[in-house]
Amino acid sequence: MNFHIITLFPESMESYIKSSIIKRAIEDKKISVKFYNPRDFTNDKHKRIDQKPYGGGPGMVIQAEPVIKAIAKAKGRKKKVKIYFTSPSGKKFTTDIAKKTANNYKDTIIICGRYEGIDARIKKVFSMEEISIGDYVLTGGELPALVMMDSISRQVKGVLGNVLSCEEDRISSPEVYTRPESFKYKKKNYKVPKVLLTGNHADIDKWRSSKRGK
Ligand code: SAH
């Protein structure tokens with residue numbers, strides 16, 4: 001999976017993709033991440049890309065043309081590319097969307113808005129899906145893009161060390177334990193639930209399902 005991120009602030013995303021599983025996935029060439037900054041696609045001599053909204057109102061709007069050029073560059077000659085536009089009023093992002101994206105596309109473009117958003121005409125030039133990561137408003141689309149990228153990457157074969165780590169496909173639990181079997185903190189003992197030590201996998205699955213609320 002190749003991710004193409006359209007953002008004014010690539011540096012805000014870099015430390016995340018340089019850590020842990022995503023870092024390894026990039027090193028192992030299971031995924032790649034490229035940034036395209038609309039600022040590099042403007043003819044304005046001050047590299048300005050935001051202007052006041054038509055019709056008035058607060059804030060600034062990112063101009064369509066630099067974003068369109070950035071998308072065109074990301075798309076290149078590739079035919080099958082999924083384009084997501086991050087927006088608080090989009091369709092809610094889910095594991096199902098992550099799975100479908102990972103299974104059906106090799107290239108995903110994610111457009112990060114900022115300020116009041118991006119001139120709506122970009123949606124007329126390229127067909128894209130508007131996605132929200134939750135019912136709250138953030139200051140930019142970079143966190144949503146990271147959330148989507150992280151979740152889609154987990155669904156790409158070979159990204160998680162063990163295929164079975166994809167909890168969607170097995171009985172996992174929000175409650176997990178590791179060594180030691182018990183420890184003391186402020187005079188109180190904290191023990192691992194007994195069932196997990198039994199080796200009885202039917203019982204363990206049952207216990208995990210109950211924790212999952214299923
Ligand atoms: N007034 C705008 C808010 C813009 S917030 C509106 O109602 O749409 C600035 C940018 O942050 C958005 O363009 C979008 O890219 C991103 N963003 C904010 N909250 C988000 C959310 N919950 N999900 C996805 N993207 C979000």
Side-chain angles (χ1 to χ4, degrees), residues 1-19 21-22 31-42 44 46-75 81-105 107-156 168:
M1 172 63 74
N2 305 304
F3 293 100
H4 308 269
I5 314 292
I6 314 292
T7 171
L8 293 169
F9 301 99
E11 67 282 1
S12 72
M13 303 174 70
E14 269 161 8
S15 68
Y16 191 80
I17 64 167
K18 284 182 181 156
S19 315
I21 292 176
I22 299 300
I31 65 167
S32 76
V33 185
K34 278 197 189 135
F35 295 108
Y36 305 80
N37 191 334
R39 251 183 241 292
D40 298 332
F41 297 88
T42 169
D44 184 80
H46 302 293
K47 296 209 176 268
R48 180 165 183 178
I49 41 73
D50 60 321
Q51 295 288 343
K52 287 186 187 144
Y54 278 118
M60 300 298 272
V61 175
I62 300 169
Q63 292 171 290
E65 285 167 285
V67 177
I68 288 167
K69 286 180 189 160
I71 298 169
K73 171 87 180 179
K75 201 163 177 253
V81 181
K82 182 73 193 180
I83 309 183
Y84 290 120
F85 178 53
T86 58
S87 159
S89 50
K91 178 175 161 191
K92 189 81 62 68
F93 187 68
T94 58
T95 294
D96 193 47
I97 295 177
K99 253 184 206 171
K100 286 189 177 133
T101 312
N103 291 339
N104 296 318
Y105 298 91
D107 290 274
T108 303
I109 298 176
I110 307 177
I111 304 160
C112 308
R114 274 271 159 179
Y115 319 123
E116 276 302 301
I118 299 170
D119 189 312
R121 286 170 290 185
I122 60 152
K123 292 181 254 177
K124 300 236 161 86
V125 176
F126 295 102
S127 65
M128 52 185 75
E129 199 170 344
E130 289 190 52
I131 295 283
S132 161
I133 62 156
D135 294 333
Y136 38 79
V137 183
L138 299 158
T139 59
E142 286 75 14
L143 285 172
L146 281 174
V147 166
M148 294 168 70
M149 201 159 68
D150 191 285
S151 173
I152 294 167
S153 297
R154 290 179 79 255
Q155 302 295 338
V156 172
E168 302 77 56

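Just so you know, ligand 1 is whichever comes first in the structure, and atom 1 is the first atom listed for that ligand. A quick note: this is a predicted structure, and the numbers were derived from the prediction, not measured.
- Every N/O-N/O distance between Gly117 and ligand 1 stays at or above 3.5 Å.
- Here Met128 contributes atom CE and Lys123 contributes atom NZ; the two are 8.5 Å apart, rounded to the nearest 0.5 Å.
- Closest protein heavy atom to atom 22 (N) of ligand 1: Tyr136 O, 2.8 Å.
- Residue contacts with ligand 1: Gly134 is placed with a nitrogen or oxygen under 3.5 Å of a nitrogen or oxygen of the ligand (distance criterion only).
- When hydrogens are left out, the protein atom nearest atom 13 (O) of ligand 1 is Gly113 CA, 3.4 Å; that is the closest non-hydrogen contact.
- Under 4.0 Å is where a charged nitrogen must lie from a carboxylate oxygen, and between Glu129 and Lys82 at least one such pair does.
- For the 3.5 Å distance criterion, the side chains of Tyr84 and Thr101 qualify, holding a donor opposite an acceptor.
- Here is the list of ligand 1 atoms found below 4.0 Å of a heavy atom in Gly141: 11 (O), 15 (O), 16 (C).
- Contact annotation for Ser87 and ligand 1: only backbone heavy atoms (N, CA, C, O) come within less than 4.0 Å of the ligand.
- The protein heavy atom nearest to atom 14 (C) of ligand 1 is Thr86 O, 3.3 Å.
- Here the shortest heavy-atom pairing between Ile110 and Met149 reads CD1-N, 4.5 Å.
- Interface of Tyr115 with ligand 1, defined as ligand atoms under 4.0 Å from a residue heavy atom, comprises 4 (C), 5 (S), 9 (C).
- Residue-level proximity to ligand 1 for Pro88 is carried by backbone and side chain together, each with a heavy atom below 4.0 angstrom.
- The shortest heavy-atom distance from Ser89 to ligand 1 is not under 4.0 Å.
- Between atom CD1 of residue Ile6 and atom SG of residue Cys112 there is a gap of 8.5 Å, rounded to the nearest 0.5 Å.
- The backbone of Ile131, and not its side chain, has at least one atom closer than 4.0 Å to an atom of ligand 1 (non-hydrogen atoms only; backbone = N, CA, C, O).
- Taking distance alone, with nitrogen or oxygen atoms compared against 3.5 Å, Leu138 approaches ligand 1 more closely than that limit.
- Using a 4.5 Å heavy-atom cutoff, the side chains of Asn2 and Tyr105 are not in contact.
- Checking only distances, Cys112 never comes within under 3.5 Å of ligand 1, N or O to N or O.
- The local environment of OH in Tyr16 is sparse, with at most 12 non-hydrogen atoms from other residues, nucleotides or ligands closer than 6.0 Å.
- Using a 4.0 Å cut-off between charged nitrogen and carboxylate oxygen, Arg154 and Asp150 do not count as a salt-bridge pair.
- Residue, atom and distance of the protein heavy atom nearest to atom 2 (C) of ligand 1 are Glu116 O, 3.6 Å.
- Taking Tyr36 as the reference, His4 meet the ring pair (Phe, Tyr, Trp, His ring centres under 6.0 Å) condition, with sequence neighbours excluded.
- Not a single heavy atom of Asp135 sits less than 4.0 Å from an atom of ligand 1.
- The distance from ligand 1 to the heavy atoms of Val137 drops below 4.0 Å at these ligand atoms: 5 (S), 19 (N).
- Thr7 and Glu142 are linked by a side-chain donor-acceptor pair at a separation below 3.5 angstrom, with hydrogens and angles left out of the test.
- The protein non-hydrogen atom at the shortest distance from atom 23 (N) of ligand 1 is Ile133 N, 3.1 Å.
- The two residues Val61 and Pro53 make their nearest non-hydrogen contact at CG2-CB, 3.7 Å.
- By the 4.0 Å N-to-carboxylate-O rule, Asp40 lies too far from Lys73 to be salt-bridged with it.
- In summary, the atoms of ligand 1 found under 4.0 Å from a heavy atom of Pro144, numbered by their order in the structure, are 24 (C), 25 (N), 26 (C).
- Close approach to Gly140 involves these atoms of ligand 1, each under 4.0 Å from a residue heavy atom: 10 (C), 11 (O), 16 (C), 17 (N).
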